[in-house]
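Structure first, then comments.
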Amino acid sequence: MRRKFVLASLILYVLLAAGSAAGLLHAPDTKLAAAAGSPVAQVLGPAVCFADVAGGLTATGIVTALVAVGYPGVSGWRRAGLVGGWFGLSLAETLQKQHVPVVGPPGAIEGPNRFWCNAMHAVADKPVLAVGGVLLIGVERLLKLPQTRRAPSLPYTFPSGHAARSSYALALLAAGYGHGSPWAFTAAALGALVEGWVLTAAHWHWATDVIGGWLMTGLALVAVLPRRK
């Protein structure tokens, strides 16, 4: 079952990335962005600020580390793997956004009161991004790829790192502290859907960016979560 899931997810992910880069999905993405923003236009400002923090490097990194420390029934190496999944998602996002040419939607909405969001980004996210830039350069040198800018400016939007990291942290919470109950996973899925909806409605990402982030999360979870008997 896992092999079929991994294969199907990889095929769908490649198709989404190729279709988005070629512009084949621009029309449906534009319609979905307009449809997502219509019913929640009045609350998008505060919602964007919350979504920015909830899917950012800082919040998801802290949650992932706390879940890994207290995750029941796993060894130290497995707990390190849970954190490694978060690092892998963030690094994969950086590498792909440097090289997969998908330009984001125009007119991205910013929150009216962004002091808290900007403060957290300046204190924690920017140093993490700087470290990501160093890792990116190291990977490119190891693979003998063309050098990019030292700091990952992430000029493109596929996949959505916010959607990937937030859904990853929510899934770990559901699997660990929620003991894998259907209610816990339902709550995690609803949280991921809300995050993706806000990112799409506020024109931070196309819907295909968000779906790509979710597919990345699914592959990461298959790799790091212990199999249940």
Side-chain angles (χ1 to χ4, degrees), residues 1-37 51 55-57 60 84-108 129 132-133 135-149 151-171 189 192-224:
M1 181 64 72
R2 285 196 173 199
R3 290 181 180 178
K4 292 181 179 179
F5 172 80
V6 169
L7 181 61
S9 297
L10 284 173
I11 292 173
L12 181 55
Y13 188 87
V14 170
L15 290 176
L16 281 176
S20 298
L24 301 177
L25 302 176
H26 182 72
D29 266 334
T30 302
K31 292 180 180 178
L32 285 171
L57 292 162
T60 57
W86 177 88
F87 274 107
L89 283 175
S90 301
L91 182 58
E93 174 211 0
T94 301
L95 287 168
Q96 290 171 85
K97 282 185 176 177
Q98 289 283 353
H99 302 294
V100 180
V102 178
V103 179
L129 284 173
L135 290 174
L136 174 64
I137 296 299
V139 170
E140 289 180 337
R141 285 180 178 173
L142 180 65
L143 299 178
K144 297 181 180 180
L145 298 172
Q147 296 288 295
T148 58
R149 290 176 290 277
S153 56
L154 308 181
Y156 303 125
T157 63
F158 185 92
S160 170
H162 278 71
R165 286 187 296 269
S166 60
S167 57
Y168 182 80
L170 287 170
L193 285 172
V194 170
E195 173 86 1
W197 187 359
V198 172
L199 293 173
T200 304
H203 289 194
W204 278 39
H205 282 285
W206 300 114
T208 47
D209 299 341
V210 173
I211 296 172
W214 289 340
L215 288 172
M216 281 180 58
T217 296
L219 292 170
L221 291 171
V222 167
V224 303

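Not measured: the values here are computed from a predicted model.
Atom CG of Leu7 and atom CG of Leu12 lie 11.0 Å apart (nearest 0.5 Å). Here Asp209 contributes atom CG and Thr200 contributes atom OG1; the two are 8.0 Å apart, rounded to the nearest 0.5 Å. Note that CG of Leu10 is 11.0 Å distant from CG of Leu15, once rounded to the nearest 0.5 Å. To the nearest 0.5 Å, atom CD1 of residue Ile211 and atom CG of residue Leu32 are 7.5 Å apart. Taken to the nearest 0.5 Å, the CG atom of Leu57 stands 9.5 Å off from the CZ atom of Phe87.
Considering every non-hydrogen atom in both Trp214 and Ser167, the closest pair reads CD1-OG, 3.7 Å. Tyr168 and Ala220 make their closest contact through CE1-CB, 4.0 Å (heavy atoms, listed as atom of the first residue, atom of the second, distance). Summarising the geometry of Phe158 relative to Thr208, their closest heavy-atom pair is CE1-O, 3.4 Å, with the distance given to 0.1 Å. Shortest non-hydrogen contact noted between Ala171 and Leu221 is CB-CD1, 3.5 Å. When every heavy atom of Ala92 is checked against every heavy atom of Met216, the shortest pair comes out as CB-CE, 3.8 Å. Residues Glu93 and Pro159 share a closest heavy-atom pair of CG-O, 4.1 Å.
Side-chain contact between Trp86 and Thr60: present, with at least one pair of heavy atoms (C-beta onward) separated by less than 4.5 Å. You'll find the side chain of Trp204 stays beyond 4.5 Å of the side chain of Val210, heavy atoms only. Using a 4.5 Å heavy-atom cutoff, the side chains of Arg165 and Ser90 are in contact. Side-chain contact between Ser20 and Val100 is absent, with no heavy atoms from C-beta onward closer than 4.5 Å. When side chains are defined from C-beta on, Trp206 counts as touching Val102, because their heavy atoms get closer than 4.5 Å. Side-chain contact check for His99 versus Gln96: every heavy-atom pair is 4.5 Å or farther apart.
By the side-chain hydrogen bond (donor to acceptor under 3.5 Å, both in side chains) test, Ser160 pairs with His205, sequence neighbours left out.
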